[in-house]
Amino acid sequence: MLLQNVDGRSGWARRMRDLMALHLSDLGGEGAVSVAQQSIVRRIATLTVELERMEERFATEGEADTKFLDLYSRTSGNLRRLLEAIGLTRRARDVTPALSTCIEGRLT
């Protein structure tokens with residue numbers, strides 16, 4: 001569940017859920033990250049969605065006023081710090097089957 005009492009079908013919620021899944025995948029999958037890392041990923045997804053909304057506004061209006069450009073800049077900096085906290089490199093998920101799985105597969 002994304003958020004209690006929130007319709008998860010909205011465009012905002014779907015984009016956030018997609019971003020969270022992508023970041024968790026980059027970290028090796030949901031089972032490979034701590035609850036603290038999951039919390040950071042959630043904040044990363046939130047900031048990313050809002051930055052994308054600001055970018056859309058800038059593009060639609062053809063410019064960025066100084067107030068929103070300052071907010072965009074500060075939000076981008078916070079996003080960078082959160083991304084650095086969880087690591088910027090992709091981690092491969094271990095898909096090596098367990099020895100018992102290999103043995104069972106050969107016996108059947």
Side-chain angles (χ1 to χ4, degrees):
M1 173 175 32
L2 189 60
L3 295 168
Q4 285 183 336
N5 304 319
V6 173
D7 184 358
R9 298 173 294 176
S10 71
W12 191 95
R14 287 192 320 266
R15 180 65 178 141
M16 183 162 166
R17 197 171 32 253
D18 290 348
L19 286 166
M20 288 175 62
L22 289 168
H23 284 292
L24 288 171
S25 176
D26 281 352
L27 293 170
E30 192 171 342
V33 297
S34 68
V35 173
Q37 288 172 311
Q38 289 179 22
S39 180
I40 292 172
V41 164
R42 180 188 195 103
R43 276 61 197 183
I44 287 169
T46 300
L47 292 179
T48 300
V49 171
E50 287 305 310
L51 285 167
E52 290 173 349
R53 288 170 36 115
M54 280 189 248
E55 291 164 355
E56 184 177 336
R57 180 179 180 171
F58 298 159
T60 302
E61 294 179 3
E63 65 181 355
D65 68 28
T66 54
K67 175 184 160 188
F68 281 105
L69 193 56
D70 179 60
L71 177 60
Y72 181 85
S73 177
R74 287 184 287 120
T75 304
S76 295
N78 288 329
L79 175 61
R80 179 191 50 82
R81 284 187 286 282
L82 289 172
L83 288 166
E84 288 175 346
I86 62 169
L88 298 173
T89 57
R90 192 163 203 270
R91 299 181 201 137
R93 185 171 41 138
D94 184 11
V95 294
T96 308
L99 180 58
S100 60
T101 303
C102 293
I103 292 171
E104 290 172 8
R106 289 187 179 168
L107 296 177
T108 57

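Small disclaimer: the values here were computed from a predicted structure and weren't measured.
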*Quick one: list whatever passes side chain to side chain contact (heavy atoms under 4.5 Å, CB included) with Asp65, sequence neighbours left out.*
Lys67, Phe68

What distance do [X] atom [atom1] and [Y] atom [atom2] have between them, rounded to the nearest 0.5 Å?
X: Leu24; Y: Ile44; atom1: CG; atom2: CD1; value: 9.5 Å
X: Ile40; Y: Glu84; atom1: CD1; atom2: CD; value: 12.0 Å
X: Met20; Y: Arg43; atom1: CE; atom2: CZ; value: 8.5 Å
X: Asp7; Y: Trp12; atom1: CG; atom2: CH2; value: 12.5 Å
X: Met54; Y: Leu69; atom1: CE; atom2: CG; value: 10.0 Å
X: Leu47; Y: Asn78; atom1: CG; atom2: CG; value: 6.5 Å

*Is atom CD of Glu56 surrounded by more than 12 heavy atoms (other residues, nucleotides or ligands) closer than 6.0 Å?*
no

*Within 6.0 angstrom of Glu30 CD, more than 12 heavy atoms from elsewhere*: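 No, because the 6.0 Å sphere around CD of Glu30 holds 12 heavy atoms or fewer from other groups.
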
*asked:* So does Arg42 get a backbone contact from the side chain of Thr46, meaning a donor-acceptor N/O pair under 3.5 Å?
replied: yes

*Closest contact, heavy atoms only, Gly8 versus Ala13*: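 Distance-wise, the nearest heavy atoms are O-CB, 3.6 Å.
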
*asked:* Go through it in stages, so that I can follow the logic: the residues are Glu50 and Thr75, the test is side-chain contact (heavy atoms from CB on, under 4.5 Å), and I'd like the CA-CA distance, side-chain angles, deciding distance and then a yes or no.
replied: CA-CA 9 Å; Glu50 287 305 310; Thr75 304; 5.6 Å; no

*Electrostatic pair Arg74-Asp70, nearest N-O below 4.0 angstrom*: yes

